[in-house]
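This report refers to the structure that appears directly beneath it.
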Amino acid sequence: MVARRAPVRYRLPLFPLPVVLFPDARMPLHIFEQRYRDMVRDVMGGEGRFGLVYHDWDEQGPFLSESGHVGCVAQIVEHEGLEDGRSLIVVKGLERFEIDDGIESEAPYYEALVRPYVDVGVDAPEPAGLAARRTASIELFEQLMGSLDERPEGLPDFESGGDVSFRLARSIHVDPRWRQELLEMRTEAKRLDRVDAVFRALLED
């Protein structure tokens with residue numbers, strides 16, 4: 001039996017916020033706190049990446065870089081610096097990650113050692129029937145869009161690859177804890193089940 005290679009760990013600046021970023025999704029952010037101004041400045045000098053981690057300060061208290069917490073790598077794709085030092089950025093979600101260990105460093109912002117967080121069986125052939133399952137979810141989504149008086153702009157492109165579940169979930173604006181639970185699910189089928197349940201509930205209303 002060949003031993004499975006352990007996921008590679010890497011160092012990543014962290015930005016805890018009460019929002020959830022999905023892979024391939026875009027999100028605007030207003031950077032005003034000094035430590036995150038420093039973070040953006042530092043990452044812009046490299047690959048322009050940091051980890052966006054869901055954290056509600058009011059409910060959860062101080063952020064502790066806890067092992068096992070799942071987030072999404074954010075890539076800065078637009079940056080507008082303001083005269084007073086603040087900045088407006090747009091990030092794109094890349095891969096998911098899991099915090100392995102927090103780091104105490106000289107940087108004023110949070111950092112951690114993280115590892116990739118991937119679906120169960122990601123290296124195995126795609127399960128039979130998953131393609132049809134994705135198609136059914138897209139059809140349900142289109143049925144919901146067709147029930148609206150006006151079709152929204154900026155709907156997902158299902159032809160450009162990536163997990164359909166995350167693309168569908170972009171249109172669901174609910175409690176971020178629901179979105180975090182979806183981010184942590186490790187099979188496409190389970191994520192599609194969760195998304196479909198929301199679409200069916202909306203259609204019934």
Side-chain angles (χ1 to χ4, degrees), residues 4-29 49-75 91-103 109-127 129-131 133-134 136-138 140-141 156 158 160-202:
R4 184 171 181 177
R5 186 171 53 187
V8 176
R9 299 198 309 172
Y10 59 97
R11 187 169 182 154
L12 189 68
L14 300 179
F15 193 175
L17 284 173
V19 297
V20 177
L21 177 67
F22 289 136
D24 291 322
R26 293 189 176 225
M27 179 182 291
L29 295 173
R49 298 180 180 183
F50 59 88
L52 200 155
V53 183
Y54 170 69
H55 183 79
D56 189 318
W57 301 86
D58 292 333
E59 292 187 2
Q60 298 170 283
F63 180 69
L64 302 176
S65 302
E66 294 170 299
S67 176
H69 200 101
V70 176
C72 185
V73 176
Q75 172 79 58
V91 298
K92 179 181 178 181
L94 302 180
E95 69 274 8
R96 294 175 292 171
F97 68 86
E98 181 179 10
I99 295 176
D100 194 57
D101 191 14
I103 295 175
Y109 45 83
Y110 301 100
E111 293 185 284
L113 290 175
V114 305
R115 57 177 179 263
Y117 186 84
V118 298
D119 280 355
V120 174
V122 68
D123 296 326
E126 185 172 285
L130 185 56
R133 182 71 188 76
R134 290 192 181 106
S137 293
I138 293 172
L140 184 62
F141 173 75
F158 299 112
S160 55
D163 289 320
V164 166
S165 58
F166 288 131
R167 293 180 183 272
L168 289 170
R170 294 183 210 168
S171 62
I172 300 176
H173 302 287
V174 295
D175 188 311
R177 288 171 294 186
W178 182 96
R179 296 169 66 85
Q180 179 65 24
E181 289 174 1
L182 190 80
L183 187 73
E184 295 178 11
M185 289 183 172
R186 303 190 79 167
T187 71
E188 175 77 336
K190 287 185 177 180
R191 291 192 295 269
L192 290 172
D193 287 343
R194 176 67 69 92
V195 169
D196 286 358
V198 175
F199 292 157
R200 291 194 182 98
L202 290 172

Check whether NZ of the Lys or CZ of the Arg Arg170 lies under 6.0 Å from the centre of the six-membered ring of Phe22 and within 45 degrees of that ring's axis. no

Any donor-acceptor pair under 3.5 Å linking the side chain of Glu188 with the backbone of Ser165? yes

Any side-chain to backbone donor/acceptor pair from Arg96 onto Val70? Under 3.5 Å, distance only. no

Polar side-chain atom of Asp163 near backbone of Phe166 as donor-acceptor pair, under 3.5 Å: no

Output, in order, the C-alpha distance, side-chain angles, deciding distance and verdict of side-chain contact (heavy atoms from CB on, under 4.5 Å) for Asp196 and Ser137. CA-CA 6 Å; Asp196 286 358; Ser137 293; 3.0 Å; yes

Show the nearest heavy-atom pair for residues Gly93 and Cys72, with the distance to one decimal. CA-SG, 3.8 Å

Please check: side-chain N/O of Tyr109 versus main-chain N/O of Phe15, any donor-acceptor pairing under 3.5 Å? no

On a heavy-atom basis, the closest approach of Phe97 and Tyr10 is CB-OH, 4.1 Å

Are the side chain of Arg186 and the backbone of Val118 linked by a donor-acceptor contact shorter than 3.5 Å? yes

Is it true that Lys190 and Asp119 make a salt bridge, defined as a side-chain N closer than 4.0 Å to a carboxylate O? no

Ignoring hydrogens and angles, tell me if any N or O in the side chain of Asp175 forms a donor-acceptor pair with the backbone of Arg177 under 3.5 Å. yes

Approximate separation, where rounding is to 0.5 Å, of Ile99 CD1 and Glu66 CD: 8.0 Å

Roughly how far, to the nearest 0.5 Å, is the CG atom of Leu29 from the CG atom of Leu17? 6.5 Å

Donor-acceptor contact below 3.5 Å, side chain Arg49 vs main chain Leu12: no

Of the non-hydrogen atoms in Ala112 and Leu14, which two are nearest, and what is the gap between them? CB-CD1, 3.6 Å

To the nearest 0.5 Å, atom CG of Leu182 lies from atom CG of Leu168 at 10.0 Å

Can you give me the closest heavy-atom contact between Val20 and Pro176, atom names plus distance? CG2-O, 3.5 Å

Do His55 side-chain atoms and Ser65 backbone N/O form a donor-acceptor pair below 3.5 Å? no

Separation of Glu111 CD from Asp101 CG (nearest 0.5 Å): 12.5 Å

How many angstroms lie between atom CD of Glu184 and atom CD of Glu98, to the nearest 0.5 angstrom? 9.0 Å

Out of curiosity, Phe158 CZ to Phe141 CZ, how far, rounded to the nearest 0.5 Å? 5.0 Å

